[in-house]
Amino acid sequence: MSNPISVLGISGSVRKGSYNTALLRAAQGLAPAGMTIAVTDISKLPFYDGDLESSSGIPLVAEDLRARIRAADAVLIATPEYNGSFSGALKNAIDWASRPPHQAFAAKPVGIMGASGGALGTVRSQGHLRDVLTMLDARMVNAPQVFVGAAQNKIEDGVLKDEPSLGFIKTLLENLAAWVEKLRA
Ligand SMILES: Cc1cc2nc3c(=O)[nH]c(=O)nc-3n(C[C@H](O)[C@H](O)[C@H](O)COP(=O)(O)O)c2cc1C
């Protein structure tokens, strides 16, 4: 059995029928031996507010997210694409995670994938997300890039059915596991 690897899954979409949350469910079923993927919920985070932070500190729900990111061996983000970028909900979660002390993405292995209704399947969104995570010194897996375009034709009742997409996710998870091991060494 391989060394255990704990992965925290974050969906950038908070809607119940989210295609991106469906990608994370698919990933849970495709994880290589030793890897477990827990999916967290970012829908209860308040908007980042510096006044709130300075008056009463980082809210518990944000501290919980930060602690879960720090404790995980890796983070797996499934990002939607809104108007050519990633969602406000995801940016908000990243902003809370980035606050000192111990910004949560520092040196954190991260895998990225995404599903959208458009043909390009989050190409633009993932580019922006990589820029932001680079700011935070996250260590992204570069390949494969998993773009699930026309997701409405590939996900039925919350289940990803598209074999090529499933294959890309499987390879991403294998590469993420190898990346975690490499950074551990
Ligand atoms: C405000 C908004 C902007 C969108 N912009 C894009 C876009 O730029 N590219 C794209 O492929 N899909 C776009 N879409 C469609 C989303 O890909 C689609 O709603 C998708 O289901 C969102 O991901 P989810 O299923 O995980 O919620 C947009 C949707 C919304 C609500």
Side-chain angles (χ1 to χ4, degrees), residues 5 7-15 18-24 26-27 37 39-43 45-50 53 58 61-63 65-151 165 168-169 171-184:
I5 295 175
V7 176
L8 184 69
I10 299 176
S11 173
S13 169
V14 300
R15 79 181 181 96
S18 162
Y19 297 139
N20 286 282
T21 308
L23 293 195
L24 289 173
I37 303 173
V39 177
T40 193
D41 174 13
I42 61 170
S43 69
L45 291 167
F47 288 135
Y48 175 75
D49 175 350
E53 185 182 15
I58 295 174
V61 63
E63 278 297 10
L65 173 70
R66 292 154 58 79
R68 295 188 75 184
I69 294 171
R70 282 197 296 263
D73 294 311
V75 173
L76 178 64
I77 299 178
T79 177
E81 182 164 287
Y82 289 168
N83 299 312
S85 189
F86 61 96
S87 64
L90 180 56
K91 182 63 163 56
N92 188 51
I94 292 171
D95 288 342
W96 277 119
S98 74
R99 299 300 296 149
H102 315 302
Q103 76 94 345
F105 279 101
K108 185 64 61 182
V110 176
I112 296 174
M113 56 187 180
S116 78
L120 298 180
T122 72
V123 168
R124 293 166 297 191
S125 148
Q126 290 193 36
H128 290 183
L129 181 58
R130 280 177 194 275
D131 278 352
V132 169
L133 291 172
T134 299
M135 277 283 299
L136 300 181
D137 194 30
R139 309 294 161 85
M140 269 89 57
V141 175
N142 288 327
Q145 298 191 48
V146 182
F147 305 124
V148 181
S165 302
F168 284 124
I169 293 173
T171 307
L172 174 66
L173 296 174
E174 288 163 358
N175 290 359
L176 181 61
W179 188 222
V180 168
E181 294 292 0
K182 189 170 179 181
L183 294 174
R184 270 178 183 162

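Source: prediction; values computed, not measured.
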Nearest-0.5 Å distance, CG of residue Leu8 to CG of residue Asp73: 11.0 Å
For the student: nearest non-hydrogen atoms of Ser11 and Thr21, plus distance: OG-OG1, 2.9 Å
Spacing of CD1 belonging to Ile77 relative to CG belonging to Leu129, to within rounding of 0.5 Å: 5.0 Å
Polar side-chain atom of Asn175 near backbone of Val141 as donor-acceptor pair, under 3.5 Å: no
Within-4.5 Å side-chain heavy-atom neighbours: Val146 and Thr171: no
Euclidean distance, Leu133 CG relative to Ile94 CD1, rounded to 0.5 Å: 5.0 Å
Approximate separation, where rounding is to 0.5 Å, of Asn20 CG and Ile10 CD1: 12.5 Å
Beyond-backbone contact of Leu23 with Val148, side-chain heavy atoms, under 4.5 angstrom: yes
Test item: side-chain donor near acceptor, Thr122 and Ser125, under 3.5 Å: no
Contacts of Arg15 that satisfy salt bridge (Lys or Arg N to Asp or Glu O under 4.0 Å) - sequence neighbours left out: none
Distance (rounded to the nearest 0.5 Å) between Leu176 CG and Met113 CE: 10.0 Å
Nearest heavy-atom neighbours spanning Phe147 and Gln126: CD2-NE2, 3.3 Å
Residue list, side-chain hydrogen bond (donor to acceptor under 3.5 Å, both in side chains) with Asn92, at least two apart or on another chain: none
Pairwise side-chain contact, Val110 with Arg139, heavy-atom cut-off 4.5 Å (strictly under): no
From NZ (Lys91) to OG1 (Thr79), nearest 0.5 Å: 12.5 Å
Any donor-acceptor pair under 3.5 Å from Ser87 side chain to Gly12 backbone: yes
Stepwise side-chain contact (heavy atoms from CB on, under 4.5 Å) check, Thr40 with Ile69: CA-CA 10 Å; Thr40 193; Ile69 294 171; over 6 Å; no
Presence of salt bridge, Arg99 and Asp95, under 4.0 angstrom: no
Qualifying residues under salt bridge (Lys or Arg N to Asp or Glu O under 4.0 Å), relative to Arg66, sequence neighbours excluded: Glu63
For Ala27 against Leu173, the heavy-atom pair lying closest together: O-CD1, 3.4 Å
For Arg124, all residues meeting salt bridge (Lys or Arg N to Asp or Glu O under 4.0 Å), sequence neighbours excluded: Glu81
Sidechain N-carboxylate O distance under 4.0 Å for Asp137, Lys108: no
Any donor-acceptor N/O pair, Gln103 side chain to Leu136 backbone, under 3.5 Å: yes
Student check: side-chain heavy atoms of Arg184 and Ile5 closer than 4.5 Å: yes
Partners passing side-chain hydrogen bond (donor to acceptor under 3.5 Å, both in side chains) against Thr134 (at least two apart in sequence or in another chain): none
Selection residues 79-121 - residue pairs positive for ring-ring contact (aromatic ring centres under 6.0 Å, His included), sequence neighbours left out: Tyr48-Trp96
Ser43-Asp41 side chain donor-acceptor pair, cut-off 3.5 Å: yes
Over all atoms of both residues, closest heavy-atom pair of Arg70 and Pro101: NH1-O, 4.0 Å
Shortest non-hydrogen contact from Ala78 toward Leu24: CB-CG, 3.9 Å
Shortest non-hydrogen contact from Leu172 toward Leu76: CD2-CD1, 4.0 Å
Val180 vs Val7 side-chain heavy atoms within contact, under 4.5 Å: no
Heavy-atom side-chain contact between Val61 and Leu65 under 4.5 Å: no
